[in-house]
Amino acid sequence: MTTATATAEKKVPAAAIPANVERPVETPSPRRSSERKRLLAGFDLGTNACCVLAGPAENRDITVSKIVPSVVGYAREGLVDGIIAGNATLLVGEEALQHRLQLNLIAPLEDGVIAHRDSARDLIKRIRALIDPSGAAEIRTVIGVPANAEEAAREDIRVCATGVFDRVLLIPEPFLAALGYRDDSRLGQPNYVDPVTNSLFVDIGGGTSDLCLIQGYFPTREDQISLPFAGDAIDKIIEEELQRVYPNNGLSRAAIRQIKEEHSYVGPIRKPIDVKVLIGGKTHTLDLGETIGRACNRLVEKIYPALTTLIARASSESVAQLLQNIVVTGGGSRIRGIDLVLQEKLAADGFEGPKVRLAGPDFKRYVAIGALKAARAAREDQWQHLLA
Amino acid sequence: MGAQFHVNPPTSDTEIPPAVVRLVRRVCLLRERGDAASAAALEAGDLAAALAAATLAPAALASVYAREAERAAEAVAIGEMLLEQLRGPLARPAVERAPAAPSRAPAPRPEGAPAIADLLDAMLAGEAAARRA
């Protein structure tokens, strides 16, 4: 049983940012000084949550490992003095969610790309402050982008990072996930298949589901497929179905996401899945088994054709091993049964010995882990300069 | 390359030693042709020495890089167009260039793990090719 509270959350357009918002002081332009401490960071700029790992350039230490909800909150007009600590007018991440009733909340990203530049910049500045509270270090950041992201989306990231990070490198997320998933300590062992050598990664996030064929060379555009259908789309389907079956239920998108994360599954419909919700202060029990199952199964309908498309691209010498190395990562890897359903569909369609596995409990961090590995390996000439 | 650089108005050429400009131009040409290793070697060697002897503001150097990168891209593009025009009855074979984006996935490399920096070189070369297209 799950209890979720219906709230009156509304999606606020960027124009609703109040004039009284104090924006943080602009980070000064980076100085070229050999004395500045250099930090390397791997940054997964996700639609619903960001993950950042960082450490000094001179060693392998990881001094920062944070997951931050991708939400920015601006104080509403007329707040009681002191209701937000320090009378802050701009909060990011968990702090913003905790004070959601006093803030206009904005999700800077939609479908994996930046939709609101100002808020995205505020989010990225917060990430920078987490990496380097002193504000003095030189920071070089590898940032994950959706597979086959358009140049405009990539430029948005660069613009928002200008003046915040000193150098950036934008790399597709499923490739970074494979790099992060790779167990460097097992490279060269006879029974270990390096995921960067021969694997197919399925990264199911909030905004996009990205699939990537990785076979020892950097994936081309044809090796990657990005579907604008992922966690948020499932939430929307559940919301619409709930509105149809239980009109005026008042459940917010956040509450629906919480219900989905608790009960999501694919495969044959499971009933009943009883969920307790508070609507108008009163407890109701809703049977959401069919609603959740139908919504999640839509994801499989979208992903499966993309999966077989990429398998078809693999050479005949490599495909047998590839079929044994299909990995599902991202938040969608928590959908119960997604690995088995995809595996069974492949087997039923005649693919030889497919094995689909889940990335495991560290799924939230693999893109950032891979990004930090890339940051440590990148040569001086591979970094992109960002100058205001 | 212009999309990667956000620079102040360029500094006058008279303030920048010609040797530095020539070396930056050479680096940019090497990168444009996909030879990142040679470009890096030149930057670490001759260019570094030339910069040590000069006193350049960071913005000035960035301006030189941006300008020469654009020139290198244009030069390569013009060279390719001229090559096409010089073909014809003579049917000279085209200059062989490594494809930036293979049309069919090759078999996975059996020997060891690919170096991350090499993979990044391929990524950057593919992006440069896409921008030219």
Side-chain angles (χ1 to χ4, degrees), chain A residues 29-33 142 151-152 154-155 158-159 162-163 168-172 175 179 182 184 187-188 193-194 196-199 213-223 310 312-319 321-322 370 373-388, chain B residues 1-8 27-28 30-31 35-44 47-48 51 56-63 65-66 69 98-127 129-131 133:
Chain A
S29 297
R31 297 165 298 167
R32 282 188 181 241
S33 165
V142 169
E151 182 56 31
R154 297 163 67 89
E155 183 64 10
R158 293 189 195 102
V159 168
T162 299
V168 297
L169 192 51
L170 306 185
I171 299 178
F175 175 77
L179 204 55
R182 175 204 256 181
D184 296 324
L187 289 177
V193 176
D194 178 3
V196 176
T197 302
N198 198 9
S199 70
L213 180 67
I214 306 161
Q215 295 197 298
Y217 59 91
F218 195 85
T220 67
R221 289 189 71 84
E222 290 71 29
D223 296 324
L310 290 181
R313 276 190 56 77
S315 67
S316 54
E317 298 91 353
S318 68
V319 69
Q321 190 184 61
L322 175 71
K373 286 184 185 179
R376 287 184 170 142
R379 292 194 312 265
E380 187 68 23
D381 63 295
Q382 292 173 327
W383 288 100
Q384 299 169 5
H385 295 254
L386 291 177
L387 297 175
Chain B
M1 288 286 257
Q4 299 176 8
F5 289 82
H6 302 259
V7 298
N8 295 323
V27 166
C28 292
L30 287 168
R31 281 187 193 156
D35 191 355
S38 297
L42 191 57
E43 278 188 304
L47 181 55
L51 288 172
L56 276 187
L61 180 61
S63 168
Y65 262 97
S103 59
R104 182 91 185 144
R109 292 154 48 158
E111 70 290 348
I116 296 174
D118 292 340
L119 293 169
L120 295 180
D121 274 339
M123 179 188 81
L124 294 170
E127 288 174 6
R131 280 194 298 276

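All values derive from a computational prediction rather than experimental measurement. In the text below, chain A, chain B and the rest are named by the order of the sequence lines, each starting its count at 1.
Of the atoms belonging to R376(A), not a single heavy atom falls under 4.5 Å from chain B. Both the backbone and the side chain of Q382(A) come within contact range of chain B, each with at least one heavy atom under 4.5 Å from a heavy atom of that chain. Residue I214(A): no heavy atom, backbone or side chain, is found under 4.5 Å from chain B. Only the backbone of L170(A) has a heavy atom closer than 4.5 Å to any heavy atom of chain B. With a threshold of 4.5 angstrom between heavy atoms, L322(A) does not approach chain B through any atom at all. Of the two parts of P172(A), only the side chain, counted from C-beta on, holds a non-hydrogen atom closer than 4.5 Å to a non-hydrogen atom of chain B.
For E43(B), the side chain to side chain donor-acceptor pair (under 3.5 Å) partners at least two apart in sequence or on another chain are R31(B), Y65(B). Under the side chain to side chain contact (heavy atoms under 4.5 Å, CB included) criterion, A377(A) pairs with I116(B), not counting sequence neighbours.
Scanning both residues, F175(A) and L119(B), for their nearest heavy atoms gives CZ-CD1, 3.7 Å. Across A117(B) and R379(A), no two heavy atoms sit closer than the pair CB-NH1, 4.0 Å.
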Item to check | Criterion side chain to side chain contact (heavy atoms under 4.5 Å, CB included) on L124(B) and L169(A), from CA distance to verdict | outcome: CA-CA 10 Å; L124(B) 294 170; L169(A) 192 51; 4.3 Å; yes
Checklist entry - Between R131(B) and E151(A), does a salt bridge (Lys or Arg N to Asp or Glu O under 4.0 Å) hold up when you go through it step by step? => result CA-CA 9 Å; R131(B) 280 194 298 276; E151(A) 182 56 31; 5.3 Å; no
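Atoms CG and CG, on D381(A) and L42(B) in that order, are 11.0 Å from each other to the nearest 0.5 Å. Here the CD atom belonging to E127(B) is positioned 6.5 Å from the CD atom belonging to Q384(A), to the nearest 0.5 angstrom.
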